[in-house]
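In what follows, a single structure is set out as structure tokens and then discussed.
These figures come from a predicted structure and were not determined experimentally. Remember, it's 1-based here, ligands and their atoms both numbered in the order they're listed.
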Amino acid sequence: MSHKIAPSVLACDFANIQSESEMLNKSEADWFHIDIMDGVFVPNISFGLPVMEAFHKHATKPLDVHLMIKDADPYIADFKKAGAHVLTVHWEACTHIHRTIQAIQAEGMLAGVSLNPGTPVSVLEDIIQDLDLVLIMSVNPGFGGQKFIEGAYKKIKQTKELIQKTGSKALIEVDGGVNAENAPKLIAAGADVLVAGSFVFKSDDPIATIKNLKEI
Ligand code: DX5
Ligand code: ZN
């Protein structure tokens, strides 16, 4: 299976959601990566459901929603209604992670769990069988445009081993500071989905940049 590319719309021009979405529709991007930040779990507020719905209205590709919010449970059904295909929560932000995963899947979405750079992969041991996706953060969540943290390679390899050992079907996604230089190494380490924000949207030709990442 070839890897997927999920451009993070956090870096796009929010005054032009329609044309930015149409650009992604036309490109070789597989998913739209949607970053939801609450200003509590992470020190930044991005946008919420109405803006996500605006992307959903124009996107012809699945929405990969990355929740950086504390206690997501009350909002799971709302994110389904707003068009989420994958719903990823942070391990660090959920008190009852197993229940949260079940609730996401019961709504008919794929369930992901994300780990901050400081959280070991071993916390996934008892839930890996239930997961559709593991999101390894290669920056501390909260902002686009940060420097890639090298420890991500080791964590991707550890996650891959855990998946193989348990027969889990989970995809491995990596998010933060992804660019053309680290992408080949991330894929070699076992990443199935690359998220890229600034590298795509701040480039001169986002469609060509996405194509280059896809052809690695
Ligand atoms: C960070 C977000 C990322 C971010 C990636 O908290 O989860 O998805 O938008 O942006 P870049 O690729 O610019 O690091
Ligand atoms: Zn993200």
Check ion pair K211-E215 (N to O, under 4.0 angstrom)
yes

Checklist entry - Should D30 and K214 count as an ion pair when the cut-off is N to O under 4.0 Å? => result yes

Within the 3.5 Å criterion, strictly below it, is a donor on D64 or H66 matched to an acceptor on the partner's side chain? no

Atoms of type N, O or S from the protein that sit nearer than 2.8 Å to the Zn ion (ligand 2) number exactly 4

d(M68 CE, N116 CG) to nearest 0.5 Å is 10.0 Å

Distance col, row I216:CD1 vs I187:CD1, nearest 0.5 angstrom, shows 5.0 Å

Discussion item. Between K202 and A11 (side chain of the first, backbone of the second, donor and acceptor by atom type, cut-off under 3.5 Å), is there such a pair?
Written reply: yes

I'd like to know if the side chain of D132 reaches the main chain of V86, judged simply by a donor and an acceptor atom lying under 3.5 Å from each other, with no hydrogens or angles considered. no

In chain-and-number order, ligand 1 lies under 4.0 Å from a heavy atom of each of S8, L10, H33, D35, M37, H66, M68, M137, P141, G142, F143, G144, G145, D175, G176, G177, V195, A196, G197, S198

- Task: Please work out whether the ring planes of F32 and F55 are parallel, tilted or perpendicular, with thresholds of 30° and 60°.
- Result: perpendicular

| task | Report yes if some heavy atom in the side chain of N140 is under 4.5 Å from a heavy atom in the side chain of I149; otherwise report no. | result | yes

